[in-house]
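Presented below is the structure to which this report refers.
Both backbone and side-chain heavy atoms feed into the values below; hydrogens, waters and symmetry mates do not. Remember, it's 1-based here, ligands and their atoms both numbered in the order they're listed.
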Amino acid sequence: MDQQLICADRTVIVTGAGRGIGRAHALAFAAAGARVVVNDVGTALDGAPTSETPAQQVVDEIVAAGGQAVANYDDVADWDGARRLVRQAVDTFGGLDVLVNNAGFVRDRMLVNLSEEEWDAVIRVHLKGHFATMRHAAEYWRGEAKAGRAVDARVINTSSGAGLQGSVGQGNYGAAKAGIAGLTLTAAAEFGRYGVTVNAIAPAARTRMTETVFADTMAAPDAGFDAMDPANISPLVVWLGSSESAEVTGRMFEVEGGKVALAEGWRHGIAVDRGARWDPAELGPVVAQLIEKGAEPEPVYGA
Ligand SMILES: NC(=O)c1ccc[n+]([C@@H]2O[C@H](COP(=O)([O-])OP(=O)(O)OC[C@H]3O[C@@H](n4cnc5c(N)ncnc54)[C@H](O)[C@@H]3O)[C@@H](O)[C@H]2O)c1
């Protein structure tokens, strides 16, 4: 624990923090001085239940290094579970300053083969799993603000390139992650009045979720920088969780290795307005002109 304690005295919830990127966030927040609620229900990669308790292992690591942490096993997409998670932070550590929404799983399939159950499960865990925790945390922060107590709180959501640019074979996951990007904008606009900023990241790192995608970089390099180490994602998230980021809200950052990029989302683009209704047959050349003059879309992953 030799880094600057930029999150000293802050209480942080990290969801899905038993493994992968969430685990790296929990360890990094603890190393920056935060008290951490390590949430993880301990699912398999496809969301199936297991008997594993990775949250406790991460808590043990933090405590062994001299930090403060407590485990939580609630399902983030369960309404009462999300409420209990927020309550546990407040009851255990006396408040809540940062919510990092990170938990989730994948059930990849081409849209033409995707089942209703696979759609519902992935939308639920990511999109509802972000909303449910954020909703209960926001209610807590609004209560604090109304009671006249200073709130300097943060939400950091986890989107994905699959949501920002699209990804073949990940229609359910990409839709949930695009939803999270949109939810971040509205939440940032609504929660500012309570002293809460809301930002999101689109990370890329080697975890069980991406083992096959990043197969060529599975082995860490013999020496030097391992660009796909999940721990590379956490410094920006810790900074966003600190008091120093108070001016930053409603933003999306793409993070990978040593790279931090500010993503540009949907914007109003080039337009033609004739001030009257169009006849459908007239629109071919109009659309062709817009596409010719407008910006090229980013390529879809895997296309
Ligand atoms: N790894 C990448 O390159 C990458 C890229 C883009 C986005 N992401 C996103 O980053 C986040 C972390 O992914 P990861 O790669 O570390 O995956 P991971 O599978 O290693 O970790 C996800 C954790 O979430 C937990 N979890 C699943 N459902 C849960 C629930 N309902 N409640 C509580 N915990 C639950 C799992 O048990 C697991 O420990 C995810 O939101 C993922 O979509 C990852």
Side-chain angles (χ1 to χ4, degrees), residues 13-28 37-58 71-82 84-85 88 99-108 120-133 156-167 170 172-181 183-184 200-215 217-218 227-234 236-237 252-257 259 263 301-302:
I13 292 172
V14 183
T15 72
R19 300 188 186 84
I21 296 171
R23 172 178 172 274
H25 294 338
L27 296 174
V37 180
V38 179
N39 158 270
D40 205 300
V41 77
T43 68
L45 178 58
D46 66 356
T50 71
S51 58
E52 295 169 20
T53 55
Q56 188 57 49
Q57 293 167 24
V58 173
N72 171 281
Y73 301 102
D74 280 307
D75 170 0
V76 290
D78 180 272
W79 196 248
D80 291 332
R84 278 194 301 271
L85 171 59
Q88 186 177 347
L99 168 66
V100 181
N101 282 315
N102 163 85
F105 55 76
V106 286
R107 294 194 187 166
D108 293 354
D120 286 347
V122 170
I123 297 290
R124 176 186 180 276
V125 73
H126 289 280
L127 192 51
K128 186 178 175 191
H130 271 60
F131 168 60
T133 52
I156 299 117
N157 292 329
T158 306
S159 184
S160 166
L164 304 181
Q165 286 93 29
S167 178
Q170 295 196 300
N172 50 355
Y173 176 75
K177 291 304 198 183
I180 287 166
L183 182 65
T184 299
I201 61 161
R206 182 192 330 109
T207 67
R208 66 178 186 171
M209 200 180 272
T210 53
E211 271 169 355
T212 50
V213 186
F214 300 126
T217 49
M218 268 304 288
M228 299 319 287
D229 186 331
N232 300 330
I233 310 301
S234 305
L236 178 74
V237 173
M252 172 71 67
F253 298 92
E254 291 174 294
V255 195
E256 176 180 348
K259 185 169 80 180
Y301 287 100

Do [X] and [Y] have side chains that approach each other closer than 4.5 Å (heavy atoms only, starting at C-beta)?
| X | Y | result |
| --- | --- | --- |
| S159 | M252 | yes |
| N172 | R107 | yes |
| M209 | L45 | yes |
| F105 | V122 | yes |

Option with minimal heavy-atom separation from [atom], where the choices are [options]:
| atom | options | answer |
| --- | --- | --- |
| atom 33 (C) of ligand 1 | T15, N39, L45, N157 | N39 |
| atom 3 (O) of ligand 1 | A205, A17, P49 | A205 |
| atom 18 (P) of ligand 1 | R208, E211, M228 | R208 |

- Message: Donor-acceptor check, side chain of N39 to backbone of V14, threshold 3.5 angstrom: yes or no?
- Response: no
- For N232 and A227, indicate whether the former's side chain and the latter's backbone hold a donor-acceptor pair under 3.5 Å. yes
Name the closest protein heavy atom to [atom], giving the residue it belongs to and the distance to 0.1 Å.
| atom | result |
| --- | --- |
| atom 17 (O) of ligand 1 | M209 CE, 3.5 Å |
| atom 43 (O) of ligand 1 | Y173 OH, 2.5 Å |
| atom 29 (C) of ligand 1 | V41 CG1, 3.6 Å |
| atom 39 (O) of ligand 1 | D40 OD2, 2.6 Å |
| atom 6 (C) of ligand 1 | P203 O, 3.1 Å |
| atom 32 (N) of ligand 1 | V76 N, 3.2 Å |
| atom 24 (O) of ligand 1 | G16 CA, 3.4 Å |
| atom 21 (O) of ligand 1 | R19 O, 4.0 Å |

[X] near ligand 1 by a heavy-atom separation under 4.0 Å:
| X | answer |
| --- | --- |
| K177 | yes |
| A204 | yes |
| H126 | yes |
| S159 | yes |
| G47 | no |
| D74 | yes |

Numbering as shown, the atoms of ligand 1 that approach [X] to under 4.0 Å (heavy-atom distance):
| X | result |
| --- | --- |
| G20 | 16 (O), 20 (O) |
| D75 | 30 (C), 31 (N), 32 (N) |
| N102 | 10 (O), 11 (C), 12 (C), 40 (C), 41 (O) |
| F105 | 28 (N) |
| G42 | 37 (O) |

- What do you reckon, does I21 have a nitrogen or oxygen under 3.5 Å from a nitrogen or oxygen of ligand 1? yes
- Message: Can you confirm, on distance only, whether ligand 1 has an N/O atom lying under 3.5 Å from any N/O atom belonging to T158?
- Response: no
- Looking only at heavy atoms, which two atoms of I123 and A176 are closest? And how far apart? CD1-N, 3.8 Å
Inter-residue atom distance [X].[atom1] - [Y].[atom2], 0.5 Å rounding:
| X | Y | atom1 | atom2 | value |
| --- | --- | --- | --- | --- |
| T158 | I201 | OG1 | CD1 | 4.5 Å |
| T133 | L85 | OG1 | CG | 7.0 Å |
| K177 | S167 | NZ | OG | 12.5 Å |
| L236 | K259 | CG | NZ | 13.5 Å |
| Q57 | R23 | CD | CZ | 9.0 Å |
| K128 | D78 | NZ | CG | 7.0 Å |

- Query: Is T207 touching ligand 1 with its side chain, its backbone, both, or neither, if touching means heavy atoms under 4.0 Å apart?
  - Reply: side chain
- Message: I need the contact type for V125 against ligand 1. Using non-hydrogen atoms and a strict under-4.0 Å cut-off, is it side chain, backbone, both or neither?
- Response: side chain
- Can we say R124 and D75 salt-bridge, meaning some charged N sits less than 4.0 Å from an Asp/Glu carboxylate O? yes
- Please work out which of the three classes, parallel, tilted or perpendicular, describes the rings of F131 and W79, given edges at 30° and 60°. tilted
